[in-house]
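No hydrogens, no waters, no symmetry mates; every other heavy atom, side chains included, goes into these values.
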Amino acid sequence: MTSTTHLKSGRPRETLLSGHEGQMTDAQLLAVLLRVGGGGEGAEGLAGNLLAQFGSLHAILDAPASTLLDVRYLGPAKVATLKACLGLIGRYARRRLESRPVFQHKDDVARFLASELGGEEREVFAGLFLDTRHHLIGFEKLFFGSVNRANVHPREVAKRALACNAAALVVAHNHPSGIAEPSAADIELTERLKRLLGELDVRLLDHVVVGADRVVSLAERGFI
């Protein structure tokens, strides 16, 4: 059976197993996790309704379990499956970061930071602390703010870097608005952190802004 037949036949599991997940819609992938629908609809129908209700796949996965449990035809088993999927994504990305230099594959960094910060309802500033070979020493959420701002103290960031014996650092924060575009304050903070950490022989490799659908690297923008 061809992949086109799989896609048209409403059999997302078979499409996934045939190795054509890249051709699948969000609704089809979500239907594989849900397994069954409800109220006379199949899993794809339920998945489509969820996407329409929440607006996007990431909004579904980021929603609190209590919110999902209030949705009709989503029982504890389905909600637990969705939350387990999100947890596995984060652990998968972290294990890949721990097994090789962080910037060997930048997609791993983006995936990990999106899983850690993308679902936060307030602004969170965090750091990836790295050794001399740019392997991950640890990840910490350092400052917590409001829906649009977190007060970041560069000296505290530097203290944590020294405490971790880090040779390099990637900092990141989320924009709860969902828009990943760096602000003027983000750029100014990056410059202050770079100067201060440089005095301590700790290299600031990047400052990543996490939005709803993407992440933005200030290093790639030329600010580091």
Linked, directly or transitively: [X] and [Y] (ILVMFWY side chains, under 4.5 Å):
| X | Y | result |
| --- | --- | --- |
| Leu204 | Phe143 | yes |
| Val202 | Val171 | yes |
| Ile224 | Val152 | yes |
| Tyr73 | Ile60 | yes |
| Leu86 | Leu68 | yes |

Where is the tightest heavy-atom contact between [X] and [Y], given as atom of each residue plus distance?
| X | Y | result |
| --- | --- | --- |
| Leu51 | Leu57 | CD2-N, 3.6 Å |
| Arg122 | Pro176 | C-CG, 3.5 Å |
| Ala47 | Ala27 | CB-O, 3.3 Å |
| Leu33 | Cys85 | CD1-SG, 3.9 Å |
| Arg133 | Asp131 | N-OD1, 2.9 Å |
| Ala161 | Leu197 | CB-CD2, 4.4 Å |

Would you check if the side chain of [X] reaches a backbone N or O of [Y] as a donor-acceptor pair within less than 3.5 Å?
| X | Y | value |
| --- | --- | --- |
| Lys83 | Leu61 | yes |
| Asn174 | Val210 | no |
| Asp206 | Ser217 | no |
| Glu120 | Leu117 | no |

Which value, rounded to the nearest 0.5 Å, describes the distance between [X] atom [atom1] and [Y] atom [atom2]?
| X | Y | atom1 | atom2 | answer |
| --- | --- | --- | --- | --- |
| Phe125 | His153 | CZ | NE2 | 11.0 Å |
| Ser18 | Met24 | OG | CE | 8.5 Å |
| Leu74 | Leu34 | CG | CG | 6.5 Å |
| Leu82 | Asp62 | CG | CG | 11.5 Å |
| Leu46 | Gln53 | CG | CD | 10.0 Å |
| Leu169 | Cys164 | CG | SG | 9.0 Å |

Q) Can we say Arg11 and Glu44 salt-bridge, meaning some charged N sits less than 4.0 Å from an Asp/Glu carboxylate O? A)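 No, no charged N to carboxylate O under 4.0 Å.
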Could you tell me whether the side chain of [Y] reaches within less than 4.5 Å of the side chain of [X], counting heavy atoms only?
| X | Y | answer |
| --- | --- | --- |
| Glu181 | His175 | no |
| Arg221 | Val216 | yes |
| His135 | Leu130 | no |
| Leu189 | His207 | yes |

Q. Side chain to side chain contact (heavy atoms under 4.5 Å, CB included) with Ala167: which residues, sequence neighbours excluded?
A.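 Side chain to side chain contact (heavy atoms under 4.5 Å, CB included) list for Ala167, sorted by chain: Thr132.
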Q: For side-chain contact (heavy atoms from CB on, under 4.5 Å), just list the numbers for Val170 and Val208, CA-CA rounded to whole Å, side-chain angles, deciding distance to a tenth of an Å, and then say yes or no.
A: CA-CA 8 Å; Val170 175; Val208 176; 4.2 Å; yes
Q. After noting the C-alpha distance and the side-chain angles of His173 and Val209, does the key distance pass the side-chain contact (heavy atoms from CB on, under 4.5 Å) rule?
A. CA-CA 5 Å; His173 75 281; Val209 182; 3.7 Å; yes
Q: Enumerate the residue pairs fulfilling salt bridge (Lys or Arg N to Asp or Glu O under 4.0 Å) with a member in residues 184-198, sequence neighbours excluded, ordered by first and then second residue.
A: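 Listed once each, the pairs would be none.
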Q: Could you give me the CA-CA distance, side-chain angles and deciding distance for Leu142 and Arg160, then say whether side-chain contact (heavy atoms from CB on, under 4.5 Å) is met?
A: CA-CA 9 Å; Leu142 300 168; Arg160 287 305 303 150; 3.9 Å; yes
Q: Could you walk me through whether Leu128 and Leu113 pass the side-chain contact (heavy atoms from CB on, under 4.5 Å) test, one step at a time?
A: CA-CA 9 Å; Leu128 287 163; Leu113 292 174; 4.1 Å; yes
